[in-house]
Protein chains: 2
Amino acid sequence: MAELYKTKQRELIYNFLKENSSLHITADEISEHLKKQGSRVSMATIYRYLDRLVASKVVRKYHLGNGESACYQYIEDTSDCSGHFHLKCTGCGELIHMECSDLEKFFCHLRDEHNFRADLTQTVVYGECEKCLLKK
Amino acid sequence: MAELYKTKQRELIYNFLKENSSLHITADEISEHLKKQGSRVSMATIYRYLDRLVASKVVRKYHLGNGESACYQYIEDTSDCSGHFHLKCTGCGELIHMECSDLEKFFCHLRDEHNFRADLTQTVVYGECEKCLLKK
DNA sequence: TTGCGTGCAAAGGTTTTGCATGGCA
DNA sequence: TGCCATGCAAAACCTTTGCACGCAA
């Protein structure tokens, strides 16, 4: 499905996302990165392609709140939807990736007791990280 | 603290938020509501006042993702920050308010095991609600 | 009177869209 | 050749800001 045509622009965007699958990347960062590489790709193309990748579940879209731009991340393993979790520090802005067995419990609790199937890959927990708490 | 001056516009906005403290309201909804009441208040005034209310912790600001506008909610009881939680259905868009003792456990787990002090009032869990799951 | 609050209009930033052109198959 | 993809520019959208005027205290 998805892209019928393979183009240079799409290849560049795709590779950048895949090579940085541990990061959350904005459309603007993609544009900047490609510019440094010597390739210029219009924002329209970047957004249009990202929409397709999101629709075909190749990348995930995050919205980290306030006036910030949306972030995109390449999905490493399509099957794993349970163990990965995000914490965003409202102090320093850091995004923490968390793996934890207790999460599964929380997920099951929501499903069994509240009839709500949470999508933890889409969910971001806001709060303050260790470093920022110590600063106070 | 906060507003030194009491004005008609501020009173209207404040009352609307307070009377609907169970809802999450956008700046635009405030504008529309007041328009129906016969009062027109500029968006600039609404946003400026909301900023103040957020700064003085009278209302809470939520960002529900994607291109959606920010939502604001009057804080009923200033002290209660632990037991209230939000689930947003990605299917029908409904925002579910959840009270649950297991949440406290989850909150403590993050704090004790991950050194992260979550702000549950700012956090929204995405997923699918009962109704949308049944539709499938 | 003093200075904060308001409205208007313009600007800001991110994302989307229309249209003509360019490029893959 | 026949579409689809691209770039450009303009528009859409939410939110912020500058400035002159209005109004609370």
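Computed over heavy atoms, backbone and side chain alike; hydrogens, waters and symmetry mates excluded. Each chain gets a letter, A, B and so on, in the order the sequences are listed, and its residues count up from 1.
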Peer 1: Taking all atoms of both residues into account, what is the closest heavy-atom pair of A:Thr123 and B:Tyr126, and its distance?
Peer 2: OG1-N, 2.9 Å
Peer 1: Out of D:dA25, D:dT6, D:dC8, which has the shortest distance to the side chain of A:Thr7?
Peer 2: D:dT6
Peer 1: More 5' along DNA chain D: A:Gln9 or B:Arg48, using each one's nearest nucleotide?
Peer 2: A:Gln9
Peer 1: Output yes when a side-chain donor or acceptor of A:Gln73 lies under 3.5 Å from a complementary backbone atom of A:Ser21, and no otherwise.
Peer 2: yes
Peer 1: Take A:Thr45 and B:Tyr47, find for each the nucleotide of DNA chain D with the closest heavy atom, and name the residue whose nucleotide sits nearer the 5' end.
Peer 2: A:Thr45
Peer 1: In whole angstroms, how far is the C1' atom of C:dG7 from the NZ atom of B:Lys35?
Peer 2: 14 Å
Peer 1: Write down the distance between CE (B:Met43) and C1' (C:dA10), rounded to a whole number of angstrom.
Peer 2: 16 Å
Peer 1: Could you work out which one of D:dA5, D:dT15, C:dG7 sits closest to the side chain of A:Arg52?
Peer 2: D:dA5
Peer 1: Nearest whole angstrom, please: distance from the P of C:dT14 to the CD of A:Glu32.
Peer 2: 11 Å
Peer 1: For the pair made of CD1 in B:Ile46 and C1' in C:dC8, what is the distance, rounded to whole Å?
Peer 2: 14 Å
Peer 1: Let me know the distance between OH of A:Tyr49 and C1' of D:dG7, rounded to the nearest Å.
Peer 2: 18 Å
Peer 1: Using a heavy-atom cut-off of under 4.0 Å over every strand shown, decide if B:Ala70 touches base, sugar-phosphate, or nothing.
Peer 2: sugar-phosphate
Peer 1: Answer yes or no: is there an ion pair linking A:Glu11 with A:Lys8, defined by an N-O contact shorter than 4.0 Å?
Peer 2: no
Peer 1: Could you give the CZ-to-C1' distance, from B:Arg10 to C:dC4, as a whole number of Å?
Peer 2: 8 Å
Peer 1: Quick one about B:Tyr74 and B:Tyr14 (side-chain donor to acceptor, distance below 3.5 Å, no hydrogens or angles considered), yes or no?
Peer 2: yes
Peer 1: Tell me if a side-chain donor or acceptor on B:Glu113 pairs with a main-chain N or O of B:Leu110 at a distance below 3.5 Å.
Peer 2: no
Peer 1: Nearest to the side chain of A:Tyr5, heavy atoms from C-beta on, is which of D:dC3, D:dC14, C:dC8?
Peer 2: D:dC3
Peer 1: Send over the distance from B:Leu50 CG to C:dT6 P, rounded to a whole Å.
Peer 2: 11 Å
Peer 1: May I have the distance from B:Lys8 (atom NZ) to D:dC23 (atom P), rounded to whole angstrom?
Peer 2: 12 Å
